[in-house]
Amino acid sequence: MVVRTRFAPSPTGFLHIGGLRTALYAYALAKHDGGDFILRIEDTDQKREVAGATEALQKILQKFGLQWDEFYIQSERQKSGIYQKAAEKLVEEGHAFYCQCEARNAHTDGYSTVLRDPCRDKNLTSGAIKLRVPDNETISYHDFAHKKDISWDSNTVYDATLLKSDRFPTYALAAMVDDLDMKVTHILRGHDWLPSTPIHLLVLKYLGGDMPKIGHLTDILSAETGKKLSKRRDSVFCEQFLEQGYLPEALLNFVALLGWAPKDNRELFTLPELVEHFDAKGFQDANPRFFLDKLKWFNGQYLRKKSDEELLPFIRQQAPKDASDKLLLQIIPLVKTRISLLSDFATLANFFFTRPVGVTLSGEDKSYLKVAEVVLKTCDWTKEGIETKLLESVKANSWKNMGFFAALRLATTGAKVSPPLTESMLILGRDETLTRVAQGLSR
RNA sequence: GGCCUCAUCGUCUAGCCUGGUCUAGGACAGCGGGUUUUCAUCCCGCUAACUUGGGUUCGAAUCCCAAUGAGGUCACCA
């Protein structure tokens, strides 16, 4: 039987880190088996929908290479009446009932959830539809992520709403109808769904069909608070990380290892490699914390792994608009090992595009520069030529390399720390280098 | 508060299912050193963990129970 998984976000905003991870695991689980990955938009709550969110979700998923095989929108499917029909069928079969109670909102009545709805035995024929939870039963399933059986006493499960009075289904109905209808074999979702699983199990059972396997992923905890990552407190959107200068493959690799690990503890995975090695046995039980240290390391790894040409489009975004590809291609190899974020490029390589300003040199520095100026004017303009001549004069004056090159570096790049000096001067050219040396001397 | 889940270095984790090879392995971070005209890369080394208490057993990080701690959830939201 071919594996079919789905990622089912509601279109309420950008894709957050946890969503990316869920999508990635669902994708890898399906693709490892040559199966199908489904993208399903869960927009049955009209009030919460954000315009453009669906398109943004699709775009970012594709940026990470998570291409879906099938695409559905619940509000579209709703029009055919499938959810309503399913709910009515459950009423007919005695597994659900009509209810005309006023809708409750979250926590308005404290923690005293009404388990058995007052309408369940009124035999109403219209209104919202709720699940008739059986008494004194054990509801259980095997969680394929946690690799263990989890169960509830049905007496602790409440009569959940399946169809709202606006005729739209709730998640409990729509997602289950769809998973059955779409022949989803593995439901992979966040841990926050675990408490409502008994409801879904009942709905799945009453609806009939092949029971999908269910697995719950760990929550990603905030590094600061230790609580579940929240959009309000933490920066969690994938788009933000990309803007900050992280490579998509680095983010993806980092996130892949937050809650999953292979037996051999390998860490570097491209998407195809992850698919190849993916195994549900590697799912973690404990909640990981969202510390960014390793993400930076991953980014450096991928930065260095990419060829200069592959890096070009990313670097171009960080460079001045009029910078030529030819120039950028010369600079990239010099900065590649020196940046961990793409956005570091600007500070490190700025001197290639604009002359350093506000640099003040000591008298000692200037005596170094005077000598350097003479050498630079006449030496061969090659790495060999520049370095041997410069070194010769340092030796002739019994100076130390450190101080001499620091002064020259400061004059040409405007900073104490920079990409390799000789290579940088070669890129700048003899004239520009000399101009900068002269400028340093004049201050 | 009820229900559910979880518990190995600061962090991500391997080991746990199928007890002994674990004086607990790797990676990131930190620290120290080497290479390097700066910085970085690269290389070498060091610091650092089985939550606690009971059991079971010749033997427990590994199995069982409890306590403690952590997280989640309790809507006509997903």
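Letters go in sequence order (proteins before strands), and every chain restarts at 1.
Counting distance only, with no hydrogens placed and no angle test, the side-chain atoms of A/Ser165 and the base atoms of B/C76 include a donor-acceptor pair under 3.5 Å. Interface remark: the A/Ser196 side chain does not form any donor-acceptor pair with the B/U73 base, using a distance-only criterion of under 3.5 Å. The base of B/A27 is paired with the side chain of A/Lys294 by a donor and an acceptor separated by under 3.5 Å.
Nucleotide B/A70 has B/U5 as its partner under the Watson-Crick or G-U criteria, with both atom distances under 3.5 Å. A 3.5 Å limit on both hydrogen-bonding distances identifies no Watson-Crick or G-U partner for B/A60.
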Begin with the C-alpha distance, continue with both residues' side-chain angles, and end with the deciding distance and a verdict on side chain to side chain contact (heavy atoms under 4.5 Å, CB included) for A/Leu391 and A/Asn401.
-> CA-CA 8 Å; A/Leu391 252 11; A/Asn401 287 346; 3.8 Å; yes

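Between A/Phe291 and A/Phe254, the ring center distance fails the sub-6.0 Å criterion.
Comparing A/Leu258 and A/Trp193 by the nucleotide of RNA chain B whose heavy atom lies nearest to each, the residue mapping closer to the 5' end is A/Leu258. Of the two residues near RNA chain B, A/Gly259 and A/Asn287, the one whose nearest nucleotide lies more 5' is A/Gly259.
In this structure the side chain of A/Leu229 never reaches within 4.5 angstrom of the side chain of A/Asp219, judged on heavy atoms.
Electrostatic pairing of A/Lys228 and A/Asp234 does not count as a salt bridge here, judged by no charged N lying under 4.0 Å from a carboxylate O.
At the heavy-atom level, A/Thr44 lies under 4.0 Å from the strands shown only through sugar-phosphate atoms.
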